[in-house]
Amino acid sequence: MSNTKNAVYPGSYDPVTNGHIDIIERGLRIFDHITVAVLTNPEKQPLFTLDERLEMIHQCFNKNPRIKVDAFEGLLVDYVDRKGIHTVVRGLRAISDFEVEFQMALMNRRINREVETIFLVPSVCYSFLSSRLVKEIYRLGGSIQQMVPGVVDQRLKEKFHSPKKHPALTEKR
Ligand code: PNS
């Protein structure tokens with residue numbers, strides 16, 4: 001059996017934020033490899049396409065051999081089973097996250113008892129940060145500096161100025 005410690009860090013990453021990156025960096029102190037697993041959810045209409053989300057994460061880690069970036073659809077427990085990695089990392093920003101995360105961790109374990117969830121706490125400066133708020137602040141003209149990596153800032157600008165705007169960005173900035 002391999003002694004390598006691996007974990008999956010799943011999420012929507014629409015888009016990846018500095019809070020996600022902080023959790024990944026903390027995770028690398030514990031795990032040898034982290035697979036950042038981006039959910040393809042056919043029921044949601046994300047701002048960024050799956051390819052864009054994957055690419056932005058790749059760019060943030062500049063081919064770090066300890067980080068893999070992957071996409072998944074369907075149940076997370078099935079994905080981790082296929083990968084043979086039964087440790088899931090999630091970030092816990094505040095008490096408000098706890099209820100949802102606790103329910104998800106227990107439900108995942110109920111479906112597959114091999115799956116363990118490890119919660120990591122981000123730096124306090126990211127404890128209020130979410131992809132949803134980043135998009136809202138950007139759309140309404142606020143500054144998102146220090147909240148997202150440069151590549152995400154750039155991609156948001158491009159989306160916003162593209163002639164074919166996503167409905168989430170249609171309000172005047
Ligand atoms: O970034 P998010 O949106 O908080 O991530 C949520 C995610 C992707 C981890 C969660 O929605 C998920 O695991 N979805 C896959 C479908 C699934 O397994 N649902 C049952 C959860 S108990």
Side-chain angles (χ1 to χ4, degrees), residues 6-28 30-31 33-61 67-123 125-139 144 147-149 151-153 155-156 159 166-169:
N6 296 315
V8 168
Y9 180 33
S12 308
Y13 301 102
D14 185 38
V16 64
T17 68
N18 286 346
H20 294 123
I21 290 173
D22 182 73
I23 293 291
I24 294 167
E25 285 169 352
R26 285 172 200 282
L28 286 178
I30 302 169
F31 299 100
H33 295 104
I34 293 188
T35 300
V36 181
V38 181
L39 176 70
T40 331
N41 186 348
E43 281 162 33
K44 270 194 188 173
Q45 205 198 353
L47 174 60
F48 290 100
T49 65
L50 176 66
D51 284 346
E52 288 170 329
R53 286 180 280 156
L54 293 170
E55 204 178 304
M56 284 187 279
I57 302 168
H58 270 301
Q59 287 178 1
C60 292
F61 291 101
I67 311 262
K68 294 191 181 97
V69 185
D70 197 11
F72 78 104
E73 57 183 329
L75 285 177
L76 176 64
V77 289
D78 291 341
Y79 171 76
V80 297
D81 233 12
R82 284 197 300 278
K83 290 277 151 189
I85 305 172
H86 291 99
T87 308
V88 172
V89 166
R90 290 286 290 168
L92 257 196
R93 289 165 299 190
I95 296 289
S96 50
D97 278 346
F98 181 77
E99 209 174 326
V100 173
E101 295 297 335
F102 187 66
Q103 187 183 22
M104 214 154 62
L106 287 176
M107 183 57 90
N108 283 336
R109 191 199 279 158
R110 172 78 176 73
I111 311 172
N112 183 340
R113 56 192 294 184
E114 296 286 306
V115 175
E116 291 296 345
T117 305
I118 307 260
F119 294 110
L120 295 179
V121 176
S123 165
C125 66
Y126 302 128
S127 58
F128 51 85
L129 184 55
S130 72
S131 300
R132 184 182 63 78
L133 280 181
V134 162
K135 287 180 283 193
E136 185 171 319
I137 292 164
Y138 190 84
R139 180 169 61 82
I144 53 163
M147 295 184 198
V148 292
V151 57
V152 173
D153 194 10
R155 288 293 182 110
L156 274 166
K159 278 250 174 234
H166 186 281
L169 292 177

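In listed order, ligands and their atoms are each counted from 1.
The closest approach between any non-hydrogen atom of G74 and ligand 1 is below 4.0 Å.
The part of R90 lying near ligand 1 is the side chain, judged by heavy-atom distances below 4.0 Å.
Scanning the protein heavy atoms around atom 10 (C) of ligand 1, the nearest turns out to be M104 SD, 4.0 Å. For atom 19 (N) of ligand 1, the nearest protein heavy atom (residue, atom name, distance) is L75 CD2, 4.0 Å. Scanning all protein heavy atoms for the shortest distance to atom 3 (O) of ligand 1 gives S12 OG, 2.6 Å.
Using a 4.0 Å cut-off between a side-chain N of Lys or Arg and a carboxylate O of Asp or Glu, R155 and E55 qualify as a salt bridge. The pair D70-K83 meets the salt-bridge criterion, since a charged nitrogen lies less than 4.0 angstrom from a carboxylate oxygen. Between D78 and R82, none of the side-chain N atoms (NZ, or NE/NH1/NH2) sits under 4.0 Å from a carboxylate O, so this pair counts as no salt bridge.
Contact atoms of ligand 1 toward L76: 13 (O), 17 (C), 18 (O) (distance under 4.0 Å to a heavy atom of the residue). Each of the atoms 21 (C), 22 (S) of ligand 1 lies under 4.0 Å from some heavy atom of N108. Near M107, meaning under 4.0 Å from any of its heavy atoms, are these atoms of ligand 1: 22 (S).
No more than 12 heavy atoms of other residues, nucleotides or ligands sit less than 6.0 Å from atom CZ of F102.
Smallest separation of non-hydrogen atoms from F119 and A105: CZ-CB, 4.1 Å. In this structure, F48 and P15 approach most closely via the heavy-atom pair CE1-CB, 3.7 Å.
Distances from atom 8 (C) of ligand 1 to the heavy atoms of V16, D78, V8, L39 put L39 nearest.
The presence of a protein heavy atom under 4.0 Å from atom 21 (C) of ligand 1 is confirmed.
Side chain of D14 to main chain of P46: no donor-acceptor pair is present (N/O by atom type, distance under 3.5 Å, no hydrogens or angles).
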